[in-house]
Structure formats: C-alpha cells, structure tokens
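Below is one structure, written out as structure tokens, with a few remarks after it.
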Amino acid sequence: MAPVPRLTLPDGTHVELPEGEPVGAVLAPDALAARVDGTLRDLSFVPAGDASVEPVAPGSDDALRILRHSTAHVLAQAVCRLQPGASYAIGPPIQDGFYYDFDLPVAIGEGDLPAIEAEMRTIVEDDQPFLREEVSREDAIARLEGQPFKREIIESIGSAEGEVATGDRVSLYRNDGWVDLCEGPHVPSTGRLGAFTLTSTAGAYWRGLETNPMLTRIYGSAWATQEDLEAHLSRLEEAEKRDHRRLGRELDLFSSPDELGPGLWIWHPRGGIFRKELEDWVRNLHVERGYDLIVTPHIARSVLWETSGHLEKYRENMYPPMEADTGDYYVKPMNCPFHVLVYKSQVRSYRDLPMRLSELGTIYRHEKAGTLHGLLRIRGGTQDDSHIICTPDQVIDEILAVFDLTLEIHRTFGFTDPVVELSTLPVAQSIVDADTAERATEALTLALEKSGLDYRVAEGEGAFYGPKVDFHFRDALGRLWQLTTVQCDFALPERFDMEYTGDDNQRHRPVMIHRAILGTLERFSAVLIEHYGGAFPLWLAPEQLRLVPVADRHVPNCEELAGTARASGLRVHVDETKETVGKKIRAAQLVKSPYVVVVGDRDLDAGTFTVRDRSGEEHQGVPFDRIVSTLAEEARTRALGQSAF
RNA sequence: GCCGGAGUAGCUCAGUGGCAGAGCAACCGCCUCGUAAGUGGUAGGUCAUGGGUUCGAAUCCCAUCUCCGGCUCCA
C-alpha cells in the first residue's frame, strides 16, 4: 500500500493528504489553484507522493493569469454556443485581460459583444467545473473534431523546441460538454469568475503570420474583483483623456487634414511655439555638448541611396522616386547619408575627430497604412538626429557621453529609470558582415557595462546597418515609450569609403555612431502631451499667463500689464471676450493655461493680484513684478511643478 | 497590406427611405460682472468622394479616400 502523501505548506508545516484527495482539500477555500513543487496545478490535482504545496491566492499575479485564461475559455464556450460552426484557435491571458481567436461562420463586430458577454454570464452563473483530462494525441484530435487550429496545435506540440507538453499525452479541459485543448491550470469552476468585460474585436492572423488566414480576435479584461475591473476601466478613461490626438485638437496644437495625406501633420501657432521652445533648447544643449549644427536637404539623387544601402534594404519604407531632369530623386527616410557627405567634404585628420554632426532633420517614411497612429507613428517627422564620427578608440567614450546626454534630457521632462535594451543585428537582412557586427555589438556592450546601466538584450532587433541601444522611459501613467536610440555603425563608413589620416600618417576608417535622443519631435511631443496630460511645464506652455479683466474698462490695464510681462519674455494672453469672469476662468482652465490673474478695481487699487494656478489654488496679494519674476524664473529653470509665490 | 468599425456644422453627437437637427464654439446685441459655463439673437452643411438602386437617398448597394481598434503577450 502506497504511503500517504505528506504535503509541505509555505509556512513549513506538514499535512497528510488522504489517498486520492486533491491538493485543494488542504488549502484555504479562496485558493484558485495550487503551486505543487513549483508547478502550477488545478486544485483537483492529486499528487503522486510527498510534495510542497502553495495556494495561488486571489489577487496574485499567478491567480490573475489563471483567472484571465479561464475567462478566455468561457468566452470561447459562449461564442461556440452562439455560433455552433465556430473554430477556436488560441486564447491566452494578456496584460490586463485576455483574448480568444476564432474563425467564425458569421462575421461579428463590436456590436455583438454584449450578447456574447451575456452568454458568458450565464455560463458563470451555471458554475460549471473545469474538468481536466489527459489523453493521447489521437484521442485529443478525435475529441476536437472539426477544429483545424486545435489539430494543428496538437500536431505541433513537442515537435518544436520549447513546446509546452512532451510525450504523447496532451491535456483537455471540459466544461458542460465544451472541450478545449489546454495546458491549464484553471480555476475550479466558472462561478469563480465574474469581474470581466469584453472590450473590442480585431483581426489577427493565425500565429501572427500575414500569409495565414485572418481570424477574429475578441479582447476582454478580467480582474480579481469588480473594484479592480472598474479601476482598470477608469485608467483607460484617464488615458483617453490624455490622448495626444484629442489634446492636440482641444489645445489647438496640430492637425492632419486629409489634403495633406496620411501620417503628415501641420503645427498650429500654439503647437509651433511649443516646438520652437523644445527645438531651441535641444539645439543649444547639443552645442554645449560639443556638437556642430548642420543643415541638409530633403531629397537626394538615387546614387546616394544606392551607396548607403537604403535602396537595397530600406526601399519599402521609402516614398517612390521623383523623376527630374538630372535623374531620379528620393525623399530622405534618414539623415545619415547627408551627414556622411558633410564629413567627406574635406580630407579629415584624426585631429578633426570626434566630429559630432547634428541637425533637426526632417525625414519621410512610407510606413504601412495600417500602422499610422496620430503623431506616434507618422510618415513625415523631424528627428534630433546626430552622427558622431570618431576613431575606434573614441567609440566607448562617445557612447558614454551620449548616454549621459540622454539621461540629462529625459530628466528635464521628469522621465527617470530608463529601461535599456541592446538589440543585436538582424542576421538575415543586414548589410554588415558578421565580424563587423560583432565589433559594433561589442562596443555597445562595453559602453553599457561601463555606464553601470541595467540592460537587457534583444536578439536580432537592430537596424539593418548595425546593432543599437534603445532607452525606454516610463510616463506619468506608467507606460513605457521607446524614445532614444544609439546605433554603432561600421558599415556606412565602409560603404562611403570614409577616411581620416592618423597620427601615423596612414589612412584609417572612422566609426559612425547614429543617435536620436528625442527620436522624432512629433512622436516625442505626443509622448510629452500624454505624459503631462496637456498641462505643460511653464517653459513649454504655449501660453504662460492669462489676464482676465473683470469688466471691459479693465482691458487697457490688462494690456499694460501684459506688456510688462512680455518684456520679460513671458507669453501672455489677455482675454478680451465679453463674458463673465467665471466663464473666462473656465476658458483658461480648458486650454490649460498655467496661471490666471483676474484684474479688477480691487487689484488695481491695492497694486497686488491674486494668481490662480492650474489646480485652482489662489495665491493672494502678489505684486505684479513678483508674478513676472517668479514665472520668468520658473520658465528659465524649466521647473516641472508650479510656483507657490 | 489584412480583419472589424466609423466618416452629418469648427468640436461632440442625434437623425435608419419623405423639408438637414441639437449642445458647445464663432459672430452681433444686452449685461459690466470677482475665480470652471449670465442672457437674447445671427450665421454656419456638396451629410467624406464618385457611381448605382428608387417617384424620392444622410439613410440601401458598389468603388475609392481618410480615420479608429487590432494583426503571437504563442495550447
């Protein structure tokens, strides 16, 4: 007779499990699953012998994943009830929720989601147990007859490396006669689910391959409690309020009229002043850091792009050529070839190096139509693009200096704690030989090690001409944005036959570092708008001070005060509309004007004013010259918070 | 590019085969006001574009353009 299994609980105590009893029998009733000897299992799992057992408590990350996965099953079951001929593919838990992919006899849209959700609720009310069975592959295929995707998965299991199951047996989960191939584990029964909602539908290729059939994906969100779900939904609402496309319109910053073409944007006066401030600052900072400013055109002959390799490797992202009297011209998708030409305009010596060539270069990329997204994914944009051309000995120090500048720039906006990623060369489509790629990767790795930054490696994610280091920063809502990219390039110097004379009087090949710290200004602006929710720090605010006359007769007083403030470099708006003070305050608040000063008899008599900031807080009795000097100082220091007076 | 949805006044939207609508914004008055919407009026439209069905189309059909949500976070 087999010995009774002895279970070790997380607190170190031991319990004996009566033979044939599942682990759930000894765990708290709120447990959703169990971790048995480190592996996630159903509560119904019966251990073969002694084991350590840990409950998967509600609210834990494991529990959330299981909950979401189980909810995905309920979704699939509901869809199959509503559309009996449906094939179901995969339905994993994801960030904040889950999805399931289907091939449906009848197409559905978002309007069909309430009906599906209602069906899901009845399944939850039924409190159907999730029953696990382990069967042979043949049996599994038989049980899932008419499910081509499941068949494909079953046949592929164990064949590719890293596949989940091994051996000939796979697991099925069944509730109420509906069967899915699934590794598990699941919650004990559907009654444990509930805090979920379906969010959207989408097309998704089977296994993500464009050559595969397009399936219908249904997305949902699921949480441990209704409160968590509601908190998530209000986070989405907050993100929507901060959407740069919406704020760009509301704050009158930019637009993309149809006549321009997709992915192209015009900046309005209020957006223009914001960009000017950003650009002036970033240019000056570069000059301070030893960069030289250059200017290059938007188009160039095809020969330039042949030499650079763009026509060979980057053509699909380039606008088609323009025919002209002197040959074919291409609009530039990158600035680097032009910077090479600046370098090559003279014979260079090691004394010229490092050369740090910088421009706000406007580029055009013919991005795939479906990938465009506001200012975040555009076809025309301006990069803070620089190329550092240096000797191999100087590479590491130059890269370190770029890292340093990167951190300084992002700190100015309140972005800290970057997530740093080293992307190695994409082997297949590179113009670089393995040896060169190795050298470039090594240089970046050495610089990263020396910088002390934590980083992770992404194999094969680099640019076609070289490996790169990317910096991602977290915004006010906790979202990560890839902003900075630093690329180490041994290929273009070769292709363009770039040279310098060394102190040995021999010719040498320089190294080129590509780097954009803000990325494109359009994209960066979008990130800033969402980060600040449109409430820019004073130095970037299109309007810095708004004066509100109490009555018409105070307009001249406001104009006079505005003149004083403007003389100190402040951007001031006087609200001359014939509205009530309350209405004018509201208008100022809606355009997120940082400071509002109401000007009436009381203030003019006293010679002091009440300053209202964005939070609505009022600072009383402030002389106007102090308002001006305080705001000027706030702008000068690029302060992130508002002044207290 | 592909799947699904959408396109009506500057903005947000109603209108589902029978005269093109509302709120906000704009403009013109009245009010001269004290920290988030005072009040009356006026103007504003090729209902994305082109074709079709119909006595009749914003509405139904087709095509095109544009926008929105997505297109492995792998049972």
Here the distance between atom P of B:C74 and atom CD of A:E152, to the nearest Å, is 17 Å
Can you tell which of B:U39, B:A75, B:C71 lies closest to the side chain of A:A204?
B:C71
Considering only heavy side-chain atoms of A:A551, the closest of B:U32, B:G34, B:U72 is B:U32
Mapping A:W265 and A:L215 onto RNA chain B by nearest heavy atom, which one lands closer to the 5' end?
A:L215
Atom CG of A:L113 to atom C1' of B:G70: distance rounded to whole Å?
13 Å
Rounded to the nearest Å, what distance is computed from the CD1 atom of residue A:I585 to the P atom of nucleotide B:C33?
16 Å
How many Å lie between CG on A:D552 and P on B:G34, as a whole number?
14 Å
Less than 3.5 Å apart, any donor N or O on the side chain of A:H268 or A:S255 sitting next to an acceptor on the other?
yes
Choose from B:C71, B:U35, B:C73 the nucleotide whose nearest atom is closest to any side-chain atom of A:V598.
B:U35
By the 4.0 Å heavy-atom rule, please label A:G600 as base, sugar-phosphate, or nothing.
base
Check whether any side-chain N or O of A:R553 sits under 4.0 Å from OP1 or OP2 of B:C33, and answer yes or no.
yes
Would you say a side-chain N or O of A:Y219 is under 4.0 Å from OP1 or OP2 of B:C71?
yes
Would you say A:R612 places a side-chain N or O within less than 4.0 Å of OP1 or OP2 belonging to B:A36?
yes
What distance, rounded to whole Å, do you find between the two C1' atoms, one in B:C13 and one in B:C71?
30 Å
Across all strands, who's sitting opposite B:C65 as a Watson-Crick or G-U wobble pair, both distances under 3.5 Å?
B:G7
Considering only the P atoms, how many Å lie between B:G1 and B:U42, rounded to the nearest integer?
47 Å
For the base of B:G70, is there a side-chain donor-acceptor partner from A:Y205 under 3.5 Å away?
no
Could you work out the separation of B:U16 and B:C60 based on their P atoms and round it to a whole Å?
10 Å
Partner of B:C30 under the Watson-Crick or G-U wobble criteria, both distances under 3.5 Å, comes out as B:G38
Is it the case that A:T610 and A:Q620 place a side-chain donor and acceptor less than 3.5 Å from each other?
no
Less than 3.5 Å apart, any donor N or O on the side chain of A:T39 or A:D37 sitting next to an acceptor on the other?
no
Which atom pair, heavy atoms only, marks the closest approach of A:A526 to A:L375?
CB-CB, 3.8 Å
Let's test this: given Watson-Crick or G-U wobble pairing with both distances under 3.5 Å, identify the partner of B:G21.
B:C13
Nucleotide nearest A:Q589 when distance is taken to its side chain, options B:G1, B:A36, B:G70:
B:A36
Distance between C1' atoms of B:U54 and B:U59 (Å, rounded):
13 Å
A:Y100 OH to B:C73 P, straight-line distance once rounded to whole Å
17 Å
Between B:C73 and B:G15, how far apart are the two P atoms, rounded to whole Å?
38 Å
Please give the distance between the P atoms of B:G56 and B:A20 as a whole number of Å.
16 Å
Reckon A:S171 touches a base, only the sugar-phosphate, or nothing at all at heavy-atom distances under 4.0 Å?
base
Could you check A:R379 against A:D258 and say which one's nearest nucleotide on RNA chain B is further toward the 5' end?
A:R379
Does A:T580 put a side-chain nitrogen or oxygen below 4.0 Å from OP1 or OP2 of B:C33?
no
Is the shortest side-chain N to carboxylate O distance from A:R242 to A:D475 below 4.0 Å?
no
Does a donor on one side chain sit under 3.5 Å from an acceptor on the other, for A:N317 and A:H310?
no
Rounded to whole Å, how long is the line connecting atom CG of A:D112 with atom P of B:C3?
18 Å
Separation of the P atoms in B:C61 and B:G18, to the nearest angstrom
16 Å
Options B:A36, B:G69, B:G34, nucleotide nearest the side-chain atoms of A:L590:
B:A36
Complementary nucleotide of B:C47, counting Watson-Crick and G-U pairs under 3.5 Å
none
Sugar-phosphate, base or nothing in reach of A:E250, heavy atoms under 4.0 Å
nothing
Do A:D605 and A:R602 sit within salt-bridge range, that is, some charged N less than 4.0 Å from a carboxylate O?
no
Contact class for A:D101 vs. all strands (heavy atom < 4.0 Å): base, sugar-phosphate, or nothing?
nothing
Identify which nucleotide among B:C71, B:C31, B:A75 has an atom closest to any side-chain atom of A:K578, counting heavy atoms from C-beta outward.
B:C31
NA contact type, A:K584, heavy-atom cut-off 4.0 Å: base, sugar-phosphate, or nothing?
nothing
Once you round it to whole Å, what is the distance between C1' of B:C11 and NE2 of A:H268?
13 Å
Go through the N and O atoms of the side chain of A:D603 and the base of B:G34, and report whether any donor-acceptor pair is under 3.5 Å.
yes
When A:L193 is tested against each of A:L32, A:I123, A:V187 for side chain to side chain contact (heavy atoms under 4.5 Å, CB included), which residue passes?
A:V187
Under 4.0 Å between any heavy atoms, over every strand shown, what does A:I90 touch: base, sugar-phosphate, or nothing? Just pick one.
sugar-phosphate
In terms of side-chain geometry, is the basic nitrogen of A:E421 or A:R456 positioned less than 4.0 Å from the acidic oxygen of its partner?
yes
Among B:G34, B:U35, B:A36, which nucleotide has an atom closest to any side-chain atom of A:E618?
B:U35
Assign A:G374 to base, sugar-phosphate, or nothing according to its heavy-atom contacts below 4.0 angstrom with the strands shown.
sugar-phosphate
In Watson-Crick or G-U wobble terms, with both distances under 3.5 Å, the base opposite B:G56 is none
Measure from the side chain of A:T371, starting at C-beta and using heavy atoms only, and say which of B:C73, B:C71, B:C33 lies closest.
B:C71
Rounded distance (Å) that lies between atom P of B:A26 and atom CD of A:E576:
14 Å
So, is A:H554 near the phosphate of B:C33, with a side-chain N or O under 4.0 Å from OP1 or OP2?
no
What does A:G370 touch in the nucleic acid at a heavy-atom separation under 4.0 angstrom: a base, only the sugar-phosphate, or nothing?
base
For B:A25, does OP1 or OP2 lie under 4.0 Å from any side-chain N or O of A:K583?
yes
With rounding to the closest Å, how many angstrom separate the P atoms on B:G7 and B:C47?
14 Å
Ionic contact status for A:K368 with A:E210, cut-off 4.0 Å
yes
Among B:C33, B:U32, B:A75, the nucleotide that comes nearest once only the side chain of A:I153 is considered:
B:A75
Base paired to B:C2 (Watson-Crick or G-U; both N/O distances under 3.5 angstrom):
B:G70
Is there a side-chain contact between A:R245 and the phosphate of B:G69, meaning an N or O under 4.0 Å from OP1 or OP2?
yes
A:T610 side-chain proximity, nearest of B:C2, B:C73, B:U35:
B:U35
